[in-house]
Amino acid sequence: MKIAVCEDNVKERELLCEQIRTAMELRDVNAEVEIFETAEELLKAAEKTFFSMFFLDILLPGLSGMDAALKLRRAGNYSPVVFTTVTKDYLAQSYSVWAAHYLVKPIEQKDMEEAFSRALKMLEGTERKLELTVARHTEQIPYSEIYYVEGNNRNSIVHTRTGTHTPYTSLLGIVEKLDDKRFLHCHRRYVINLDHVLAVQRSKVAMRDDVLLPIRRGEAEQVRRAWEDRRFEIVNGRD
């Protein structure tokens, strides 16, 4: 397991790494901590190395930590992100990249331990999978990979980050298997993963794969509320 720390201030970076290692020892976690001074350096490393957890300062020279987190998500990296910064001004924005926690400097050890616990909890929660039979083969798709499911007569189409799957199962059959609060039946033909919603409009929902999906008439506010509740749960470690 590798943990990425991006902080441009040397003293703050040393303290942050010390606090992370203390939290690791308390939870008997064995991980390598790799440090970066800029978001550009981190993103370049993330192209070749998988990091299980990120600790990102928001106010960095050049690309900000928030922009770096957004680029990681768009590249398909959903590892937990903990922001470290001197202001609460970006707290609301952190919802959009599903931050595990948001730490305001100076950071106390107890707050670091809480953030680390939430990040670990998110890691453990990414293992749930949807089991499907496609062309006589059984496939297991991680919930986090599913963007949305589309009903197609008696069949369905599961749209994921890496492509589509077409099991001979109805949409309602998929819904029964997806017993998870992150999935919402927003329209008779569509079930969406709230974790991959970018925006809720008047009659449509914008998904992460640049697709607009319809919402049942009169239910846009309910979809928006479910989406906001889901983001709140992720940031506050209640998933």
Within a reach of under 6.0 Å around [atom1] of [X], are more than 12 heavy atoms found that belong to other residues, nucleotides or ligands?
X: Lys71; atom1: NZ; value: no
X: Lys177; atom1: NZ; value: yes
X: Glu228; atom1: CD; value: yes

Keeping to residues at least two apart or across chains, list the side chain to side chain donor-acceptor pair (under 3.5 Å) pairs with something in residues 79-90.
Asn77-Ser79, Thr87-Asp89

Does any pair with a residue in residues 21-33 pass side chain to side chain donor-acceptor pair (under 3.5 Å), and if so which ones, sequence neighbours excluded?
Arg27-Ser117

Mind checking salt bridge (charged side-chain N to carboxylate O under 4.0 Å, His left out) for [X] and listing every partner two or more places apart, or none if nothing turns up?
X: Glu221; answer: Arg224
X: Glu113; answer: none
X: Glu114; answer: Arg118

Is there a donor-acceptor contact under 3.5 Å from the side chain of [X] to the main chain of [Y]?
X: Asn153; Y: Asn155; value: no
X: Glu41; Y: Glu37; value: yes
X: Arg182; Y: His196; value: no

Between Tyr78 and Trp98, how do the two ring planes meet: parallel, tilted or perpendicular, split at 30° and 60°?
tilted

Which atoms form the tightest heavy-atom contact between Ser52 and Pro80, and what is the distance?
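The pair with the smallest heavy-atom distance is O-CD, 3.2 Å.
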
Closest heavy-atom pair and its distance - Met53, Leu120:
CE-CD2, 4.0 Å

Once ring pair (Phe, Tyr, Trp, His ring centres under 6.0 Å) is applied, what residue pairs with a partner in residues 22-46 remain, sequence neighbours excluded?
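Checked against ring pair (Phe, Tyr, Trp, His ring centres under 6.0 Å) - neighbours excluded - the pairs reaching residues 22-46 are Phe36-Phe51.
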
Passing candidate, side-chain contact (heavy atoms from CB on, under 4.5 Å) with Tyr102, options Val81, Val82, Leu91:
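Of Val81, Val82, Leu91, side-chain contact (heavy atoms from CB on, under 4.5 Å) with Tyr102 is met by Leu91 alone.
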
